[in-house]
Amino acid sequence: MPKRTEHRRDPSDVEITRFELMRIFDGDEEWLHTLEHNFFCGDCHVPNRRLINYRVMVTPLNDIALQGTCSGCNTIAARYVETGEDPEKVKRIQAVLRERKKG
Ligand SMILES: [Zn+2]
């Protein structure tokens with residue numbers, strides 16, 4: 001199955017900054033590091049590949065999608081995180097989105 005060449009853009013997703021992501025992760029750089037190294041990338045099995053140049057999207061379900069490029073094969077790759085299942089993270093996501101609206 002050929003890989004897509006562009007990320008799907010859902011207009012109901014909200015793009016946030018890496019700084020805001022860190023707020024949601026409560027400063028857990030280790031976790032982000034793990035996510036950057038564990039993502040699905042078709043048949044690509046390049047060792048130590050990493051998700052790079054990614055945008056951070058929040059979905060209407062309060063989940064987070066890191067949409068970027070695989071450093072191993074240079075095609076698009078993404079990591080989906082089901083933060084919507086964690087009430088603490090949902091609280092922080094909602095706080096970030098609220099403050100965004102205030103501008
Ligand atoms: Zn790859």
Side-chain angles (χ1 to χ4, degrees):
M1 200 168 72
K3 275 190 80 173
R4 280 204 304 258
T5 54
E6 267 180 59
H7 285 292
R8 193 165 47 92
R9 298 275 180 233
D10 188 327
S12 48
D13 289 351
V14 179
E15 185 175 1
I16 61 168
T17 66
R18 197 181 185 287
F19 182 78
E20 288 167 323
L21 179 66
M22 266 303 109
R23 234 185 103 185
I24 292 162
F25 282 10
D26 203 20
D28 193 345
E29 293 274 357
E30 272 302 300
W31 188 33
L32 182 58
H33 187 84
T34 304
L35 295 174
E36 285 172 357
H37 283 86
N38 293 279
F39 59 92
F40 178 75
C41 185
D43 295 326
C44 161
H45 298 291
V46 177
N48 298 319
R49 60 189 169 75
R50 207 175 150 208
L51 189 63
I52 54 169
N53 299 326
Y54 57 82
R55 296 163 65 153
V56 185
M57 310 302 290
V58 176
T59 77
L61 298 172
N62 295 305
D63 289 337
I64 285 173
L66 308 178
Q67 299 184 336
T69 305
C70 169
S71 67
C73 62
N74 262 308
T75 62
I76 66 159
R79 173 65 206 233
Y80 198 81
V81 196
E82 289 177 342
T83 42
E85 290 177 357
D86 180 339
E88 277 307 307
K89 288 193 186 68
V90 170
K91 248 189 253 171
R92 292 198 287 262
I93 287 168
Q94 290 305 313
V96 163
L97 296 182
R98 250 194 329 271
E99 281 169 36
R100 284 203 140 226
K101 274 181 201 140
K102 277 189 231 156

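Counting convention: from 1, in listed order, for ligands and their atoms alike. Quick caveat: nothing in here was measured; it's all calculated off a predicted structure.
- A side-chain hydrogen bond (donor to acceptor under 3.5 Å, both in side chains) with Tyr54 is found for one member of Arg79, His7, Glu36 and no other, namely Glu36.
- Between the side chain of Asp86 and the main chain of Glu88, a donor-acceptor pair closer than 3.5 Å is present.
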Scan the side chains in residues 55-66 for donor-acceptor partners under 3.5 Å anywhere in the protein, sequence neighbours excluded, and list what turns up.
residue	atom	partner	partner atom	Å
Arg55	NE	Glu15	OE1	3.3
Arg55	NE	Glu15	OE2	3.4
Arg55	NH2	Glu15	OE1	2.8
Thr59	OG1	Leu61	N	3.1
Thr59	OG1	Asp63	N	3.2
Asn62	OD1	Gln94	NE2	2.6
Asp63	OD1	Thr83	N	3.4
Asp63	OD1	Gly84	N	2.8
Asp63	OD2	Tyr80	OH	3.0

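- Note on Met22 and Leu97: same hydrophobic cluster, where clusters join Ile, Leu, Val, Met, Phe, Trp and Tyr whose side-chain heavy atoms are under 4.5 Å apart, directly or indirectly.
- Of all protein atoms, those that are N, O or S and lie under 2.8 Å from the Zn ion (ligand 1) total 4.
- Between atom CD1 of residue Ile76 and atom OG1 of residue Thr69 there is a gap of 8.0 Å, rounded to the nearest 0.5 Å.
- Remark: Arg98 does not engage Glu20 in a salt bridge, criterion side-chain N to carboxylate O under 4.0 Å.
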